[in-house]
Amino acid sequence: MSLGIGIVGCGMVADFHARAIAELRGAKLIGGYSRNPKSTAAFAKRSSCEAFATLDQLLAHARIDAVAICTPSGAHAESAMAAAKAGKHVIVEKPLEVTLKRCDAIIEACRKNNVVLSTIFPSRFHRASQLLKAAVDAGRFGKLALGSAYVKWFRTQEYYDSKEWRGTQTLDGGGALMNQAIHSVDLLLWLMGPIAAVAASTATLAHQRIEVEDCAAATLKFASGALGSIEATTAAYPGWLKRIEICGSTGSAVLEEESLVRWEFSKMTAGDRRIVAEMASLTKTGGGASDPAAIGHHGHREQYRDILNAIRTGNSPLIDGPTARLSVETILAIYQSARTGRRVSLPK
């Protein structure tokens, strides 16, 4: 029997979810709801599903087993907690929420009601990301020395002006870091392990009428002793592919969007040479570098597959609530450092 899914928030991001669900056996999109009836009706028509007039109607639907929250970031908690209380599994778009208090409220509501919670970070499910993670876990890099993330994207002023919540502290929770670069922050934590301390600066340099940063730079010290950096902006025309660099005493690699563009170890194997050839043959895409609508939905599809498996087996998904909380905690520490001018230590 297919797992029924409802979507709350019927904008562009909801379309990614709908496409992913449509390509999965064992999952069916039942319907959507947003506060704007016209948006709800348009989404239902595009996705061939039901339009719900209220959140309560969606949550009361007997065929809906899980709810995907695709509202603005700072509005995740209310819908997620209501879904958990209704006994529905909860899938939340990144970030989990914009404050740790609201993240913890979602996590506790899902724990209390014994439902699965997962936050969408599709970059973890790309083949190149998983190859990189496997190499790290196998010790191929030797002593990890440097781990860095670079997200130098471009967003027009019209992008921020198009929705009243964009660029606001309350509903976006932050700018280039919390909105765009959080995918790479999550990947960096997954690959390098927890961060012990950060020192950072942020600025709003190229956009008007926003409350959040469009440029950020942070230096990192990981709990392992390795060092690193995060750079993020939405002011880099025309926008470059996001980039992760991992360097160690016996190997180094560079992940650019969904492709490994450097893969070098002191002892190269036949498998390494196959990976290099495979990655060289991939068609390069621009991802979300200049157009958020250009992001593919295949990562969402594979993450949904993981979530469905967790629901059916009773296991935790790869990205559960506490895991998703870590990227928010890291970004908030970077904001604190930028605000105070001081190095900030993260909890162990």
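Position 1 is the first residue of the sequence; numbering continues from there. Predicted model only: the values in this text are computed from it and were never measured.
Not one N or O on the side chain of Asp186 forms a donor-acceptor pair closer than 3.5 Å with the backbone of Ser327. The backbone N or O of Ala200 sits less than 3.5 Å from a side-chain atom of Ser337, completing a donor-acceptor pair. At distances below 3.5 Å, at least one donor-acceptor pair connects side-chain atoms of Thr233 with backbone N or O atoms of Asp214. Using a distance-only test at 3.5 Å, with no hydrogens or angles considered, a donor-acceptor pair links the side chain of Ser162 to the main chain of Tyr159. Although no hydrogens or angles enter the test, the distance criterion places a donor-acceptor pair under 3.5 Å between the side chain of Glu97 and the main chain of His76. The main-chain N or O of Ile319 is found under 3.5 Å from a side-chain atom of Ser118 such that the two form a donor-acceptor pair. Ser129 contributes a side-chain N or O that, together with a main-chain N or O of Ser123, makes up a donor-acceptor pair within less than 3.5 Å.
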Which donor-acceptor pairs under 3.5 Å do the side chains of residues 59-74 make with protein atoms, sequence neighbours left out?
residue	atom	partner	partner atom	Å
His61	ND1	Arg63	N	3.1
Asp65	OD2	Gly4	N	2.8
Thr71	OG1	Ala75	O	3.4

Please tabulate, for the side chains in residues 217-228, all donor-acceptor contacts under 3.5 angstrom to protein atoms that are two or more places apart in sequence or on a different chain.
residue	atom	partner	partner atom	Å
Thr219	OG1	Ala199	O	3.4
Ser224	OG	Ala226	N	3.3

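Taking the charged nitrogens against the carboxylate oxygens, Glu278 and Arg127 do have a contact shorter than 4.0 Å, which makes a salt bridge.
Residues passing the side-chain contact (heavy atoms from CB on, under 4.5 Å) test with Arg305 are Leu24, Arg301, Glu302, sequence neighbours excluded. The side-chain contact (heavy atoms from CB on, under 4.5 Å) check on Thr330 picks up Val185, Leu189, Ile195, Ile334, Leu346, with sequence neighbours excluded. Under the side-chain contact (heavy atoms from CB on, under 4.5 Å) criterion, Asn315 pairs with Thr313, not counting sequence neighbours. The side-chain hydrogen bond (donor to acceptor under 3.5 Å, both in side chains) check on Gln336 picks up nothing, with sequence neighbours excluded. Shown here are the ring-ring contact (aromatic ring centres under 6.0 Å, His included) partners of His89, two or more places apart in sequence or in another chain: there are none. In this structure Ser201 satisfies the side-chain contact (heavy atoms from CB on, under 4.5 Å) test with no other residue, sequence neighbours excluded.
Pairs engaging residues 313-336 under the ring pair (Phe, Tyr, Trp, His ring centres under 6.0 Å) rule: none recorded [sequence neighbours left out]. Residue pairs meeting the side chain to side chain donor-acceptor pair (under 3.5 Å) criterion with at least one member in residues 45-59, sequence neighbours excluded: Asp15-Arg46. The salt bridge (charged side-chain N to carboxylate O under 4.0 Å, His left out) pairs that include a residue from residues 72-94 are Glu78-Arg102, where partners are two or more places apart or lie in different chains. Within the structure, ring pair (Phe, Tyr, Trp, His ring centres under 6.0 Å) contacts touching residues 254-274 (residues at least two apart or in different chains) are Phe141-Phe265, Trp263-Phe265.
Heavy-atom contacts from other residues, nucleotides or ligands closer than 6.0 Å to CG of Asp137 number more than 12. The neighbour count for Arg342 CZ, taken as heavy atoms of other residues, nucleotides or ligands under 6.0 Å away, does not exceed 12. Within 6.0 Å of the CZ atom in Arg209, the count of heavy atoms belonging to other residues, nucleotides or ligands exceeds 12.
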Asp272 and Arg140: CA distance, side-chain angles, deciding distance, salt bridge (Lys or Arg N to Asp or Glu O under 4.0 Å) verdict:
CA-CA 11 Å; Asp272 291 326; Arg140 297 285 316 276; 2.7 Å; yes
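Paired with His298 under the rule side chain to side chain donor-acceptor pair (under 3.5 Å), one option of Gln303, Arg19, Glu23, Glu258 passes, and it is Glu258.
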